[in-house]
Asks: 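Could you have a look at this structure, given as structure tokens, before my questions?
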Amino acid sequence: VKVEAIQYGDRKVYTVASFNRGVADWLSRLPTIWVEGEVTELRRNARWQSVFFTLKDPSDGACLGVTIARSRFDALRLDLGDGERVHVFGRPELFEAKGDFRIRALSIERFGLGDHLAALERLKKKLAADGVFERKRPLPLIPRRIGLVTGNDAAAKRDLLTTITGRFPAARIVVAETYVQGPFAATAMVDALRDVCAAPEVDVVVLARGGGSFEDLLPFSDERLVRAVATCPVPVVSAVGHEQDTPLCDLAADARASTPTAAARLVVPDASELVSRLDRSRGALARGARGVLERRRQRLEHTHERLRRAPALAVERKRARLEHSAGRLRALSPRATLQRGYAIVRSGNAIVRSPAAVSSGDEIDVEVADGRFGARVE
Amino acid sequence: VTFEEAQRELEQIVERLERGDAGLDEAIKLWERGEELYKRCVGQLDAAQGKIEELARRVESAKPA
């Protein structure tokens, strides 16, 4: 088919076939490249020349059709199943009869352990940059209801229920059973998480699984689940038993527990310990009230003791001050000076202060401490 | 008059008396006032203690075995 336009006046119009031809031509000039995604809707039929499947981007669900020659596909012996992650090597092409865009695969490689680890590391960096691992809210002391997202026959579920009711018999639990493994696990858990949060009075959610292989635990690192955990309206406890590699949902959860039993201890308090703590508080309350009273009484008695002594003290002080004044009064009187051996000499009524005030033969009067006597000046 | 107000006044009276700057007549008046305040405070403390002990007895008897 040649790409030729039909001329309608000054308008160029292409037939569908020639349009498709042109686009296909243009696409065929694109290079051969690797594309990564999850296999879904794999269709292989022994009567068909090609095998078809859809490659899905796990982060946002974008889809790309893939076709590969059946002989080539069989030779790869991949035994691919839905949900498996692969690298497809091929070139873009247009199936002209239908106008379907797809990739013509030359080879397919199953995503290896190393690829998974590298992809996880990249996802972890990206989520960390988005702040997905930063939200850590405190768990409620006593949750009204506990949401539990877990596998339907999991020992994890039994351990959790036993420990929770053992510690806190009044606990109410909403269980959402779901796939925790396989290609649909991540979306199933996202749905279960949303449903359990929507149940009334659920204050905390436990996401539990009792361990598994690296591949088994991959859904717990799925971007959709990790983001759902981080944006969950109530706090989430991640209880995914694992040995080495921490699933990313552990990092996004508000709290993580190494086992379901440990998770149970996080979500409910020990009722008997709570009761004895309350009893101790009540005892302390009574002691506290008596203590306040006792301290007031002591302070009052101390003040009263001071009051009792104060008047006598005041009188004593006043007496001491009086004595002091009397002492000073006495010290200032001339009699004290005479006591020390001085004498007052008088001539007539005047006190003699100079030898010139008297003449030889004058009668004078001498006063000493004990009395007075007469004398004559020589 | 609250307990705290009475106690504060009592303490001020004692301080005044201990400073010794009150006249003798005034000191005796202050003393009488202080004793009156002391009696009032003790009465209030006794009443409070009675309430506390009563409450403690009620709490004790209501305690589950």
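All values reported here derive from a predicted model rather than from experimental measurement. To find a chain, count down the sequence lines: A is the first, B the second, and so on, and within it residues start at 1.
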Asks: Arg16(B) versus chain A, heavy atoms under 4.5 Å apart: side chain, backbone, both or neither?
Replies: neither

Asks: Given that the side chain runs from C-beta out, which part of Asp21(B) has a heavy atom under 4.5 Å from chain A: side chain, backbone, both or neither?
Replies: neither

Asks: Check Ala289(A) against Ile52(B) and note the closest heavy-atom contact, atom names and distance.
Replies: O-CD1, 3.7 Å

Asks: Non-hydrogen atoms of chain A under 4.5 Å away: do they reach the side chain of Glu35(B), the backbone, both or neither?
Replies: both

Asks: Relative to chain A, which segment of Leu37(B) carries a heavy atom at a distance below 4.5 Å: side chain, backbone, both, or neither?
Replies: neither

Asks: Starting at CG of Leu300(A), measure out to CD of Gln44(B) and round the result to the nearest 0.5 Å.
Replies: 10.0 Å

Asks: My understanding is that only residues two or more places apart in sequence, or in another chain, count here; which of them pass side chain to side chain donor-acceptor pair (under 3.5 Å) with Gln12(B)?
Replies: none

Asks: If we ignore angles and hydrogens, is there a donor and acceptor under 3.5 Å between the side chains of Arg290(A) and Gln49(B)?
Replies: no

Asks: What pairs of residues pass the side-chain hydrogen bond (donor to acceptor under 3.5 Å, both in side chains) test when at least one of them lies in residues 134-143 of chain A, not counting sequence neighbours?
Replies: Arg137(A)-Asp254(A)

Asks: Does any backbone or side-chain atom of Gln7(B) lie under 4.5 Å from a heavy atom of chain A? Answer side chain, backbone, both or neither.
Replies: side chain

Asks: Would you give the length of the straight line joining atom CD of Gln298(A) to atom CG of Leu45(B), rounded to the nearest 0.5 angstrom?
Replies: 11.0 Å

Asks: Heavy atom to heavy atom, less than 4.5 Å: which residues from residues 301-310 of chain A reach chain B?
Replies: Glu301(A), Thr303(A), His304(A), Arg306(A), Leu307(A), Arg308(A), Ala310(A)

Asks: What residues, two or more places apart in sequence or in another chain, satisfy side-chain contact (heavy atoms from CB on, under 4.5 Å) together with Arg57(B)?
Replies: Glu53(B), Glu54(B)

